[in-house]
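Have a look at the structure below, then the notes.
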There are 2 protein chains.
Amino acid sequence: MPFSLHQGDALSVLASLPDDSVDAVITDPPYNSGGRTAKERTSRTARQKYVSGDAAHALSDFPGENMDQRSFTFWLTQILTEAHRVTRPSGTLLLFTDWRQAGSMSDALQAGGWTWRGTLAWHKPQARPQKGRFTQNCEFIHWASKGAVDAERNPVYLPGMYSASQPRKDRKHITQKPVEVMRELVKICPPGGTILDFCAGSGTTGVAALLEGYDFIGVEKTKHYTQIATERLTETLRQVSRQQDYTLAGPAE
Amino acid sequence: MPFSLHQGDALSVLASLPDDSVDAVITDPPYNSGGRTAKERTSRTARQKYVSGDAAHALSDFPGENMDQRSFTFWLTQILTEAHRVTRPSGTLLLFTDWRQAGSMSDALQAGGWTWRGTLAWHKPQARPQKGRFTQNCEFIHWASKGAVDAERNPVYLPGMYSASQPRKDRKHITQKPVEVMRELVKICPPGGTILDFCAGSGTTGVAALLEGYDFIGVEKTKHYTQIATERLTETLRQVSRQQDYTLAGPAE
DNA sequence: CTTCTGTCTGAATCGGAAT
DNA sequence: AATTCCGATTCAGACAGAA
């Protein structure tokens with residue numbers, strides 16, 4: 001089975017997965033930011049925070065954005081502890097974060113037992129400039145390993161900086177990631193391995209995983225996005241197997 | 001006087017500066033990282049940690065790299081508190097950091113009274129790739145303000161990501177920054193303002209400040225680098241005034 | 001002037017020997 | 001037994017000199 005999708009709470013679903021069953025955890029938890037004070041954070045929904053007033057699209061809201069920083073770190077630590085158990089030794093964690101939460105996220109991942117290895121930058125060239133300020137056009141990706149890195153098992157050389165714009169057409173989720181970036185990131189996983197995303201959203205991580213030949217396990221809280229992710233993953237699987245058919249049936253070189 | 005340079009301890013020198021006398025603080029403190037454990041951090045010099053084994057250059061060592069993380073945060077908080085006092089309302093702080101210290105640095109700047117505004121990325125395309133890993137090729141720059149940002153006083157639009165290699169020829173300091181990056185960063189300071197760097201090193205911040213028409217106050221602990229910075233700044237001032245002479249004396253358009 | 005070729009370096013990382 | 005120290009490893013990009 002190349003992919004499975006669970007609708008439900010991340011912690012409960014992770015608890016049901018066996019030890020050492022996953023090669024990489026790649027996820028983008030709700031950043032819980034957008035306000036510098038607890039009041040500012042908790043009084044607006046994700047949509048109000050992340051979608052410009054003049055944006056015409058109508059993307060659904062998502063939960064998990066109304067915790068204060070302490071609760072957020074506590075919640076994430078619990079999940080990352082479970083994710084660590086579920087991951088094979090020398091497996092990898094990639095965790096998207098914005099600048100406000102970068103510190104809390106690195107605390108949480110280390111508290112969860114992971115060895116922090118570095119922070120990558122994702123540069124969005126289309127971000128909106130602001131007068132008298134620096135443009136806020138980078139998000140960050142913490143990466144970590146379960147124990148030592150096994151470079152022999154997966155001898156890849158990967159970049160530390162990615163530049164790509166958020167998808168505009170056919171965007172299903174407010175914070176949807178570009179597939180081309182995700183396709184590079186998943187390569188940290190050894191060939192044929194299994195990738196887990198416990199905040200799957202519209203399923204971009206899974207799409208990239210399938211395209212690169214990995215198995216995928218997704219967990220998503222809302223019914224709405226579980227459905228969207230199912231459709232995208234099914235369609236991707238169809239594409240991939242069609243290509244394989246062609247390769248198998250194609251003319252010998 | 002377009003620039004002044006003090007040799008001495010950052011905290012002592014800052015204490016001697018008057019309130020509200022500086023428009024921007026731009027600095028690159030020792031990162032105090034480069035080891036997996038506290039022991040490893042504190043037992044090696046900066047040169048041993050950061051200079052590749054096969055590097056043939058002979059750049060001088062620099063101090064401040066042997067604190068544990070707690071002392072480092074304490075030390076930086078004290079200095080940034082003084083720097084906050086010395087800075088005019090709506091003034092700016094730019095603080096270079098690597099991924100390991102980014103969290104401690106944002107804690108310290110906020111504890112020092114500054115309002116954290118974002119984190120910029122400096123991408124170094126020349127960094128060394130590593131098998132089975134992501135290349136460590138970004139450093140980060142926290143930016144913060146003393147109270148509200150005054151966009152009317154300095155209506156600039158600045159990028160959030162910079163890509164440039166470390167200087168190779170004529171490099172004076174192990175961690176010397178490219179002048180072209182610093183020339184962009186200093187523009188966050190209103191025209192004609194004064195820029196302070198309390199870890200001046202070889203003086204690149206000052207060089208960029210003078211080239212962009214700002215005044216500069218530098219503090220550097222070692223005699224060795226104070227001398228080098230003095231020479232670079234004097235030379236830069238000569239260049240700048242020569243250009244001004246030419247502009248004044250040049251043919252009318 | 002380009003284009004090509006060769007050399008060198010990097011705020012690195014790790015294992016294992018030496019103390 | 002725990003720490004400290006030394007050296008091997010790695011390759012894209014920058015630069016210099018030749019073609």
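In the text below, chain A, chain B and the rest are named by the order of the sequence lines, each starting its count at 1. All values derive from a computational prediction rather than experimental measurement.
Looking at heavy atoms from C-beta onward, B:H123 lies in side-chain contact with B:P125 at the 4.5 angstrom threshold. With contacts defined as side-chain heavy-atom distances shorter than 4.5 Å, the pair B:W143/A:R133 qualifies.
As judged by a 4.0 angstrom heavy-atom cut-off over every strand, B:Q166 is placed among residues touching the sugar-phosphate backbone only. Nucleic acid contact class of B:P29 (heavy atoms, under 4.0 Å, all strands): base.
Interface remark: the B:N137 side chain does not form any donor-acceptor pair with the D:dA12 base, using a distance-only criterion of under 3.5 Å.
Looking at which nucleotide of DNA chain C each of B:A127 and B:R133 is closest to, the 5′-most match is held by B:A127. Along DNA chain D, the nucleotide nearest B:A164 and the nucleotide nearest A:Y157 are compared for position; the residue whose nucleotide lies closer to the 5' end is A:Y157. Along DNA chain D, the nucleotide closest to B:P129 and the one closest to B:Q126 are compared, and the more 5′ of them pairs with B:P129. Between A:V149 and B:K124, the residue whose closest nucleotide on DNA chain C is further toward the 5' end is B:K124.
A sub-4.0 Å separation between OP1 or OP2 of D:dA8 and a side-chain N or O of B:R128 is absent. Between B:S165 and D:dG13 there is no side-chain N or O to OP1 or OP2 distance below 4.0 Å. A close approach under 4.0 Å does not occur between any side-chain nitrogen or oxygen of B:R171 and OP1 or OP2 of C:dT9.
Comparing D:dT10, D:dG13, C:dA11 by their closest approach to the side chain of B:P125 singles out D:dG13.
Contact check on B:D170 versus B:R232 returns no salt bridge, with no Lys/Arg side-chain nitrogen under 4.0 Å from an Asp/Glu carboxylate oxygen.
The CD atom of A:E152 sits 12 Å away from the C1' atom of D:dT10 (whole-angstrom rounding).
Remark: D:dT10 base-pairs with no nucleotide in the shown strands. Criterion, Watson-Crick or G-U wobble with two distances under 3.5 Å.
Note: A:H142 and A:W116 have perpendicular aromatic rings, judged against thresholds of 30 and 60 degrees for the angle between ring planes.
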